[in-house]
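All values derive from a computational prediction rather than experimental measurement. Quick note on labels: first sequence line is chain A, next is B, and so on, each numbered from 1.
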Number of protein chains: 2
Amino acid sequence: MKPAIAQRSYPAAVDTTCRPPASARGHVGLQPVPRREEEPQGQRQRVGQHAHIFREGDRADRMYQLVDGAVMLYKLLPDGRRQVVELLSAGDVFGLSALPVYDCSAETLVACNVIAYDRTAVEQSPDLLRRLSAHVHAQLCALHEHAVLLGRKSALERVATFVMHCVPGRGGFNCAGPRCGGDSAVVRLGMTRQEIADYLGLTLETVSRAFSELRRRGIIAIDKQEEVRVHDVCRMCQLTGAH
Amino acid sequence: MKPAIAQRSYPAAVDTTCRPPASARGHVGLQPVPRREEEPQGQRQRVGQHAHIFREGDRADRMYQLVDGAVMLYKLLPDGRRQVVELLSAGDVFGLSALPVYDCSAETLVACNVIAYDRTAVEQSPDLLRRLSAHVHAQLCALHEHAVLLGRKSALERVATFVMHCVPGRGGFNCAGPRCGGDSAVVRLGMTRQEIADYLGLTLETVSRAFSELRRRGIIAIDKQEEVRVHDVCRMCQLTGAH
DNA sequence: CATTCGCATTGACGGAAGTCAATCCCATCG
DNA sequence: CGATGGGATTGACTTCCGTCAATGCGAATG
């Protein structure tokens with residue numbers, strides 16, 4: 001009956017609005033920080049690690065831009081399956097919604113600084129809107145790319161893509177640069193296997209096996225569990241399926 | 001070696017820019033239509049069925065809004081795997097890109113009317129930008145929802161979700177309305193099994209089997225291959241995984 | 001009417017990835 | 001230092017879905 005695709009499930013959402021359980025780690029971590037004049041109508045805030053900035057179903061009266069750190073946006077199915085729908089880094093915009101409520105939850109992966117804007121203020125400031133739009137368009141492209149990953153890539157390709165995505169110079173999937181030499185790189189993942197799995201549409205076991213397979217092939221070494229040394233960036237790049 | 005996930009593949013893209021083959025059905029179908037004054041800086045155009053409006057890798061100097069009809073946006077992997085990343089209907093915006101080239105291809109499913117805007121014109125018209133933003137935000141939510149489908153749903157759930165998405169009154173996944181009575185509905189899919197498969201991250205055989213399974217369970221009847229009669233909308237809704 | 005062509009359906013089979021469960025590896029802490 | 005616990009790894013088994021191939025079906029065409 002229940003699909004075998006269910007993966008490791010999260011505590012079931014309590015009601016039909018898909019609000020995640022309050023038992024999730026971390027809690028409100030928003031701390032107002034003295035207003036900075038560079039951000040005209042926004043309010044700069046500091047958020048602790050593993051804290052929720054908002055949850056699916058909350059009233060969407062504010063939107064955010066990430067100054068530094070990393071945030072993940074995720075959605076839950078009522079039976080507890082989770083999908084991380086976006087990974088955000090500095091500059092990215094989140095909390096936009098066409099509806100009066102947020103369509104997903106936002107949780108920090110590390111301590112972050114964000115700028116919070118009133119939703120109405122954004123709509124009334126053409127300048128602000130234009131600046132944010134550029135970021136939104138980039139995120140649309142990233143979502144398209146991620147749909148390809150989720151819909152068409154094998155587990156190994158997904159993990160390889162994810163690792164490449166974490167390589168500093170080559171972030172954002174544009175790893176087809178002219179000099180794709182066999183140089184190495186060290187990558188900090190900053191996410192647990194479970195979080196990676198929920199981002200890649202896999203289970204944590206499959207993610208772990210993929211890492212082991214990459215290690216077995218001599219493409220990576222796993223130094224400190226969260227730290228991956230990519231021996232041959234070029235070979236890794238070819239495993240992503242995009243080249 | 002080659003992942004078993006490769007599915008039925010399309011003619012391999014010719015170069016590293018992932019430009020789809022010119023052999024794809026349909027061709028340039030843009031026909032300028034007399035300027036209408038309701039659309040300040042846009043140019044209204046008619047596009048034939050199965051025509052490409054732009055292709056992945058083309059210079060992204062224009063963006064579009066769909067007036068009526070249906071368009072699909074897709075991306076190709078170099079080995080020919082295809083993923084339809086968005087299905088667009090009236091009002092939706094497409095052709096935005098953070099890069100100077102389009103990140104995906106746009107092909108009409110039926111004859112359409114579109115409004116084409118110069119990219120620069122949009123960026124300089126606050127009013128236009130604001131109006132389009134609302135649609136973009138809705139599309140972001142749709143992409144999030146689709147990521148959940150691709151990452152976490154079974155084949156049957158994917159197909160059920162797709163069919164529900166086509167039910168007129170309940171489009172856009174908001175099928176949890178108060179009166180979810182056992183009423184029936186007739187749905188025009190307007191896509192081949194292969195196109196549906198490429199949208200849902202499946203193969204056409206799996207899509208076909210899912211339809212057969214739904215028929216076997218008495219939930220739908222397939223009248224004219226493209227026309228599905230949903231006997232019990234409520235039961236169908238429960239199969240989507242979202243309820 | 002018979003042919004053809006594109007698409008859909010169905011079956012048999014295999015493999016990639018999910019499930020369940022045991023073990024391992026650190027980091028933290030009493 | 002040993003105990004504890006959260007995460008990661010690995011193995012055995014299962015299953016969903018992809019692959020390959022045969023057949024069906026309706027529309028268009030000669």
Problem set entry | Qualifying residues under side-chain contact (heavy atoms from CB on, under 4.5 Å), relative to Ala221(B), sequence neighbours excluded | Asp223(B), Arg229(B), His231(B)
Exercise. Separation of Leu214(B) atom CG from dT9(C) atom C1', in whole Å?
Worked result: 15 Å
Problem set entry | Ion pair check, Arg217(A) and Glu213(A), cut-off under 4.0 Å | yes
Exercise. If you fit an axis to the five pairs at each end of the helix from dC1(C)-dG30(D) to dG30(C)-dC1(D), how big is the angle between those two axes, to 10 degrees?
Worked result: 20°
Exercise. Is it true that the NZ or CZ of Arg193(A) lies under 6.0 Å from the centre of Phe211(A)'s six-membered ring and within 45 degrees of the ring axis?
Worked result: yes
Problem set entry | Distance-only donor-acceptor check, side chains Thr161(A) and Lys153(A), under 3.5 Å | yes
Problem set entry | Nucleotide dA17(C), atom C1' - distance to CD of Glu213(A) in whole Å | 14 Å
Polar atom pairs (N or O), protein with nucleotides 8-14 of chain D, under 3.5 Å:
{"from": "dA8(D)", "atom 1": "OP1", "to": "Arg193(A)", "atom 2": "N", "distance (Å)": "3.1"}
{"from": "dA8(D)", "atom 1": "OP2", "to": "Arg193(A)", "atom 2": "N", "distance (Å)": "3.0"}
{"from": "dT9(D)", "atom 1": "OP1", "to": "Arg193(A)", "atom 2": "NH2", "distance (Å)": "3.3"}
{"from": "dT9(D)", "atom 1": "OP2", "to": "Arg193(A)", "atom 2": "NE", "distance (Å)": "2.7"}
{"from": "dT9(D)", "atom 1": "OP2", "to": "Ser208(A)", "atom 2": "OG", "distance (Å)": "2.8"}
{"from": "dT9(D)", "atom 1": "O5'", "to": "Ser208(A)", "atom 2": "OG", "distance (Å)": "3.1"}
{"from": "dT10(D)", "atom 1": "OP2", "to": "Ser212(A)", "atom 2": "OG", "distance (Å)": "2.4"}
{"from": "dG11(D)", "atom 1": "N7", "to": "Arg209(A)", "atom 2": "NH1", "distance (Å)": "3.0"}
{"from": "dG11(D)", "atom 1": "O6", "to": "Arg209(A)", "atom 2": "NH2", "distance (Å)": "3.3"}

Exercise. How close or far is atom P of dC16(D) from atom CG of Leu150(B), stated in whole angstroms?
Worked result: 19 Å
Exercise. Do any N or O atoms from the side chain of Asn113(A) and from the backbone of Val67(A) form a donor-acceptor pair under 3.5 angstrom?
Worked result: no
Problem set entry | Ring geometry between Tyr74(A) and His52(A) (parallel below 30°, tilted from 30 to 60°, perpendicular above 60°) | perpendicular
Seminar exercise, completed: Atom CG of Asp198(B) and atom P of dG18(D) are separated, to the nearest Å, by 11 Å
Exercise. What's the CZ-P distance between Arg152(B) and dC17(D), to the nearest Å?
Worked result: 14 Å
Seminar exercise, completed: In whole angstroms, the gap separating P of dC25(C) from CG of Asp223(A) amounts to 16 Å
Exercise. Separation of Arg81(B) atom CZ from dG18(D) atom C1', in whole Å?
Worked result: 13 Å
Exercise. Once you round to the nearest 0.5 Å, how far does CZ of Arg152(B) lie from CZ of Arg158(B)?
Worked result: 10.5 Å
Exercise. Donor-acceptor pair, Glu226(A) side chain versus Leu189(A) backbone, under 3.5 Å?
Worked result: no
Problem set entry | Pair Arg82(A) + Glu195(A): basic N to acidic O under 4.0 Å | no
For this session: Whole angstrom is fine here: how far is it from CG in Asp79(B) over to P in dT19(D)?
Result: 11 Å
